[in-house]
Amino acid sequence: MADDDDDSETGSLLFTYVAPFVGVLLIAIGIGGAVPGGYALIQDELRDCDEPTIAVESPERVAELVDDGGPRVATLSFAELSPAERTAFTEALDAPRGEAHVYGSFPNRPAFENGTVVTYEGSRYYATIVAENTCFRAPALGFPLGLFAIGLGTVAVLTPPAYRKLVALERQAGENERSE
């Protein structure tokens, strides 16, 4: 009889505290894996992933930055730029903030990383990379394993109330059989 009480207390302790605690831990771990894993899956759809941003400064700013004993930087003509670099350069000239993304081939990247003067329509512009926009790297199985952990945790949290409900139904059925 004492063993039955010990087993009942152990089962009660397991279903009352341990299973929901483990379930909550699994849900937390699952969220930690699913959110970055899910973002890693959709980030390719976001246009700026791994596409650097360049900024183009006005000809007046070139004089302040490079002339008058400033640092020596590479000079490129607009014709030397790749089509993607040209597009980004002209978009940056038209943009209110003077910035644009380079979508595509970026062969003059080292020059832009150090800052460069680009000659365009007789004027000199200072251009440089202002943001790398690197993609977030996450393990490939982060999202599915995170979802699995969330599901398993949810089952662990919901098992004790379901178990208690089944026991109550079983007792009620037994009482109904005895009363008949």
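Two residues are said to be in side-chain contact when any heavy atoms from C-beta on lie closer than 4.5 Å; V167 and E170 fail this criterion. Residues L76 and T119 have side chains not in contact (no heavy-atom distance under 4.5 Å, counting atoms from C-beta outward). T16 places a side-chain heavy atom less than 4.5 Å from the side chain of R164. With a 4.5 Å cut-off on side-chain heavy atoms, Y120 and V56 do not count as touching.
When hydrophobic residues (I, L, V, M, F, W, Y) are linked wherever their side-chain heavy atoms come within less than 4.5 Å, the members clustered with I150 are V24, I27, I31, V35, V157.
Both V22 and L152 sit in one connected hydrophobic cluster of ILVMFWY residues. Membership requires side-chain heavy atoms under 4.5 Å apart, directly or through other members. Two different hydrophobic clusters hold Y126 and I129 under the rule that ILVMFWY side chains link at heavy-atom gaps under 4.5 Å.
For P107 against P110, the heavy-atom pair with the smallest separation is O-CD, 3.8 Å. E99 and A55 make their closest contact through CG-CB, 3.9 Å (heavy atoms, listed as atom of the first residue, atom of the second, distance).
Within 6.0 Å of atom CZ in F148, 12 or fewer heavy atoms from other residues, nucleotides or ligands are found, so the atom counts as exposed in its surroundings.
Here the CG-CD distance, from L93 to E57, works out to 11.0 Å after rounding to the nearest 0.5 Å. For the atom pair N176 CG and L169 CG, the distance stands at 10.5 Å (nearest 0.5 Å). Separation of atoms CZ (R109) and CD1 (I54) is listed at 11.5 Å; rounding is to 0.5 Å. Remark: F78 CZ to F89 CZ distance equals 7.0 Å, nearest 0.5 Å.
By the ring-ring contact (aromatic ring centres under 6.0 Å, His included) test, F143 pairs with no residue at all, sequence neighbours left out.
Note on E175 versus R171: no salt bridge recorded, every NZ/NE/NH1/NH2 to OD/OE distance being 4.0 Å or above.
At distances below 3.5 Å, at least one donor-acceptor pair connects side-chain atoms of S82 with backbone N or O atoms of S105.
Side-chain polar atoms of E60 and S58 form a donor-acceptor pair below 3.5 angstrom.
The side-chain contact (heavy atoms from CB on, under 4.5 Å) with F112 is formed by just one residue from the set T128, L81, V130; it is L81.
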